[in-house]
2 protein chains.
Amino acid sequence: MIFSSSLLENAVNEFAKLPGIGKKTALRLVLHLVKQDAAEVTLFSDTLAKMRNEIKFCKRCYNISDKELCNICSNPLRRQDMLCVVENIRDVIAIESTQQFNGIYHVLGGIISPLDGIGPEELTIDALVDRIKKEETTEIIFALSPTIQGDTTIYYISKKLSASGPVPAPVKITTIARGISFGGELEYADEMTLAKSISNRIPVENFILSGS
Amino acid sequence: MIFSSSLLENAVNEFAKLPGIGKKTALRLVLHLVKQDAAEVTLFSDTLAKMRNEIKFCKRCYNISDKELCNICSNPLRRQDMLCVVENIRDVIAIESTQQFNGIYHVLGGIISPLDGIGPEELTIDALVDRIKKEETTEIIFALSPTIQGDTTIYYISKKLSASGPVPAPVKITTIARGISFGGELEYADEMTLAKSISNRIPVENFILSGS
């Protein structure tokens, strides 16, 4: 692409550095910004710069946060004894958006995946074990990807928990239910999912009580 | 989507204002920026703000420009007597990228399209007519979309040119060739294109001379 304006060219190149944005899309976005009020574009650029400079990671749960402690950890209305372990910040947003969980989180920063070079020391597993020892957690819910890597991570953390001395009883360790998606069709479900959904079948009264 | 950080939420909302960027894509882009160095993000936001604040439109051809007169208009090596009329800035970039055109441009800002509420007065047609009268143009090349609207615009401008007094001879008015795309297959071409490509057939010697 040949530009007659270096201001335009620089802006397009900056946009094209973002993941999934090619040169043509970048040009479309930049030309959209050119058409906006200067104040709008200033707001856009200031918001991004402010976000990057002021954003923190919660020192307790490693969620993205405006302050030292994130809104979820510092909310007295949330159950501080229910800990949901997730892979990343996107998962926190996804679970929060369901408005069904009223506990707190722990963001691992990934899952154990030796092929991608991610071992336990890259994740916040030690901090999680420390938290469980210190805080009065009654239930740990693992909400990780239903993959071999996710299962390995759950297994590793459970072992680590029992190896690091007695887990304060009564700590319940659970994982999110795996089964057929709402609206999904049985015949298209993979064998593994279907098999698990049969072996982990739930009494209909529980099902109705859980409000689904 | 429920965010636990208002900095994150604001940044996502700003990104989601861009055309074709939904909330999920916006979140992906913002989380990418969070992972970058602060200096990188500052560069990104500064480049955009600077671009919007300093960008100008060339007072001669209405192309996007860093200065009063764009790089193309002020380049003494380009033929100032060959004027290519295009719809928008993207078309200038597309033609420049072919490196086959050595004249100057005129950006109309759109084409006449009554259904979209775009009449001749919304476009830079008057400025174009003025330029042709004043500058020593020898050829006007219309590089507009090959649609009814494009053809209407060409027709309107030609009429306007002859109505506004004698066009300085010798001004040649041409339009880009319409035909089968390079690599295209005859059987998939629409009838209109195929018919035009036969009626406007070119001698093979011209074809070879033009370097295709």
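Below, read A as the first sequence line, B as the second, and so on, with proteins coming before strands; counting in each chain starts at 1.
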**Q.** Among Ile55(B), Thr98(B), Val92(B), Thr25(B), residue most engaged with chain A (heavy-atom pairs, under 4.5 Å)
**A.** Ile55(B)

(Q) Using a 4.5 angstrom heavy-atom cutoff, name the option from Leu43(A), Asn88(A), Thr42(A) with the most pairs to chain B. (A) Leu43(A)

**Q.** Side chain, backbone, both or neither of Ser65(B) within contact of chain A (heavy atoms, under 4.5 Å)
**A.** backbone

Q | Residue selection (most heavy-atom pairs with chain B, distance under 4.5 Å) from Cys70(A), Pro19(A), Ala11(A) | A | Pro19(A)

**Q.** Toward chain A, the part of Ile21(B) with a non-hydrogen atom under 4.5 Å
**A.** side chain

**Q.** Interchain contact, Asn10(B) with chain A, by part (heavy-atom threshold 4.5 Å)
**A.** both

Q: Let me know if Asn13(B) has heavy atoms under 4.5 Å from chain A in its side chain, its backbone, both or neither.
A: neither

Q: Side chain from CB out, backbone as N, CA, C, O: work out which of these in Lys17(B) comes under 4.5 Å of a heavy atom of chain A, or both, or neither.
A: both

Q) Can you find a pair of side-chain heavy atoms, one from Arg28(B) and one from Leu18(A), that are under 4.5 Å apart? A) no

Q. Could you give the distance from OG (Ser6(B)) to NZ (Lys67(A)), rounded to the nearest 0.5 Å?
A. 8.0 Å

(Q) Counting only heavy atoms not in Ile148(A) (residues, nucleotides, ligands), do more than 12 fall under 6.0 Å from its CD1? (A) no

Q.
Nearest 0.5 Å, please: how far is CE in Met51(B) from CD in Glu9(A)?
A. 13.0 Å

Q.
Atom CD of residue position Glu121(B) - does it have more than 12 heavy atoms of other residues, nucleotides or ligands inside 6.0 Å?
A. yes

Q. How long is the span from the OG atom in Ser45(A) to the CG atom in Leu48(B), to the nearest 0.5 Å?
A. 6.5 Å

Q) When heavy-atom pairs shorter than 4.5 Å are enumerated against chain A, which of Asn75(B), Ile89(B), Leu27(B) gives the highest number? A) Leu27(B)

**Q.** Exercise: identify the closest heavy-atom pair between Ala49(A) and Val41(B)
**A.** CA-CG1, 4.5 Å

Q | Any Asn71(A) side-chain heavy atom under 4.5 Å of Ser5(B) side chain | A | no

Q: With the side chain counted from C-beta on, respond yes when Lys24(B) and Arg90(A) share a heavy-atom pair under 4.5 Å apart, and no when they do not.
A: no

Q: Below 4.5 Å from any heavy atom of chain A, which atoms of Gln99(B) appear? Answer side chain, backbone, both or neither.
A: side chain

Q. Does the side chain of Arg52(A) come within less than 4.5 Å of Leu33(B)'s, by heavy atoms?
A. no

(Q) Please classify the contact of Leu31(B) with chain A as side chain, backbone, both or neither, using a heavy-atom distance under 4.5 Å. (A) side chain

Q | Asn53(B), part contacting chain A, at a heavy-atom distance under 4.5 Å | A | side chain

Q) At what distance, to the nearest 0.5 angstrom, does CG of Leu8(B) lie from OG1 of Thr47(A)? A) 12.0 Å

Q) In terms of heavy-atom pairs under 4.5 Å, which option from Val30(B), Asp37(B), Asp46(B), Ile64(B) contacts chain A the most? A) Ile64(B)

Q | Lys56(A) side, atom NZ; Leu7(B) side, atom CG - distance, nearest 0.5 Å | A | 8.0 Å

(Q) At a 4.5 Å cut-off on heavy atoms, which part of Phe57(B) comes close to chain A: side chain, backbone, both, or neither? (A) side chain

Q | Contacting region of Asn63(A) [heavy-atom separation from chain B under 4.5 Å] | A | side chain

